[in-house]
Amino acid sequence: MTDGKFVSVMTNTFASEITYKEWKKKIEEFFFADERIIMLLKQNGMTKYTIYKTDDVEPVKSITIFEYSTKASFDKCQKIFLKFMPKIQNMILKVNIVRGNTIFNKI
């Protein structure tokens with residue numbers, strides 16, 4: 001059962017808890033500094049943005065789920081992220097990204 005949504009899953013592995021907290025602060029500032037950002041993302045088809053912190057003590061990891069109504073919505077929202085998202089510089093972290101269309105969504 002498909003719903004046509006496009007999903008991007010990002011796994012971040014941080015060098016330390018301090019690096020994770022710095023990254024988290026930048027993410028929170030991005031979403032809370034200007035409520036128009038969330039409105040723009042929603043208007044352009046983003047349906048979910050959720051971050052999970054794993055139970056791993058070392059290395060510290062987080063998983064981010066970006067969900068969009070379509071692949072075209074993803075493309076539109078990428079432009080918003082590139083324009084407004086703060087640059088994460090001088091932070092030691094490893095990022096893995098997997099993207100694709102939803103092919104099964106039962107629950």
Side-chain angles (χ1 to χ4, degrees):
M1 174 182 213
T2 65
D3 60 10
K5 292 189 177 177
F6 188 80
V7 179
S8 180
V9 178
M10 179 172 65
T11 303
N12 294 323
T13 304
F14 301 92
S16 67
E17 184 73 23
I18 293 168
T19 306
Y20 162 74
K21 287 180 180 177
E22 289 173 10
W23 172 84
K24 185 175 178 266
K25 181 180 175 186
K26 287 190 179 290
I27 297 301
E28 289 172 345
E29 288 170 355
F30 171 69
F31 280 105
F32 299 131
D34 187 344
E35 63 187 43
R36 291 177 293 177
I37 295 294
I38 293 174
M39 184 176 59
L40 270 173
L41 291 168
K42 284 182 176 181
Q43 287 173 347
N44 283 282
M46 180 175 265
T47 58
K48 180 183 231 174
Y49 182 93
T50 305
I51 300 173
Y52 305 91
K53 184 174 185 268
T54 67
D55 285 341
D56 300 340
V57 176
E58 281 191 24
V60 178
K61 294 180 183 178
S62 72
I63 301 165
T64 306
I65 308 292
F66 305 83
E67 186 179 85
Y68 305 89
S69 56
T70 64
K71 169 74 166 74
S73 297
F74 163 79
D75 294 333
K76 290 177 188 176
C77 289
Q78 282 302 105
K79 293 176 185 173
I80 296 166
F81 279 114
L82 290 172
K83 183 174 181 178
F84 295 109
M85 187 73 155
K87 304 300 179 229
I88 299 174
Q89 299 172 352
N90 302 322
M91 297 183 82
I92 300 172
L93 70 136
K94 179 181 176 185
V95 178
N96 291 309
I97 300 174
V98 178
R99 295 184 175 122
N101 291 298
T102 303
I103 60 167
F104 187 85
N105 186 9
K106 187 69 175 168
I107 299 176

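Values below: every heavy atom of this structure, side chains too, minus hydrogens, waters and symmetry copies.
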Distance-minimising heavy-atom pair for Pro59 and Phe14: CB-O, 4.0 Å

Geometric class of the Tyr68/Phe6 ring pair [parallel <30°, tilted 30-60°, perpendicular >60°]: tilted

Worked check of side-chain contact (heavy atoms from CB on, under 4.5 Å) between Leu41 and Phe31: CA-CA 10 Å; Leu41 291 168; Phe31 280 105; 3.7 Å; yes

Heavy-atom closest pair, residues Ser8 and Ile97: OG-CG2, 3.7 Å

Enclosure of Lys21 NZ (heavy-atom neighbours >12, cutoff 6.0 Å): no

Phe74 and Phe66, any side-chain heavy atoms less than 4.5 Å apart: no

Listed once per pair and sorted, the side chain to side chain donor-acceptor pair (under 3.5 Å) pairs that draw on residues 37-51, sequence neighbours left out: Thr47-Glu67

Qualifying residues under salt bridge (charged side-chain N to carboxylate O under 4.0 Å, His left out), relative to Lys76, sequence neighbours excluded: none

Same cluster (ILVMFWY, side-chain, under 4.5 Å), Leu93 and Ile18: no

Co-members of the apolar cluster containing Val9 [side chain, <4.5 Å]: Val7, Tyr52, Ile63, Ile65

Spacing of CG belonging to Asn96 relative to CE belonging to Met10, to within rounding of 0.5 Å: 10.5 Å

Partner set under salt bridge (charged side-chain N to carboxylate O under 4.0 Å, His left out) for Lys94, not counting sequence neighbours: none

side-chain contact (heavy atoms from CB on, under 4.5 Å) partners for Asp34, two or more places apart: Arg36, Ile37

Lys71/Asp75 salt bridge by N-O under 4.0 Å criterion: yes

Qualifying residue for side chain to side chain contact (heavy atoms under 4.5 Å, CB included) with Asn12, from Thr19, Val60, Val95: Val95

Result of checking Cys77, Ser69, Ser73 against Met46 for side chain to side chain contact (heavy atoms under 4.5 Å, CB included): Cys77

Sequence-distant partners of Ala33, side-chain contact (heavy atoms from CB on, under 4.5 Å), two or more places apart: none

Salt-bridge contact Glu28-Lys24 (side-chain N to carboxylate O under 4.0 Å): yes

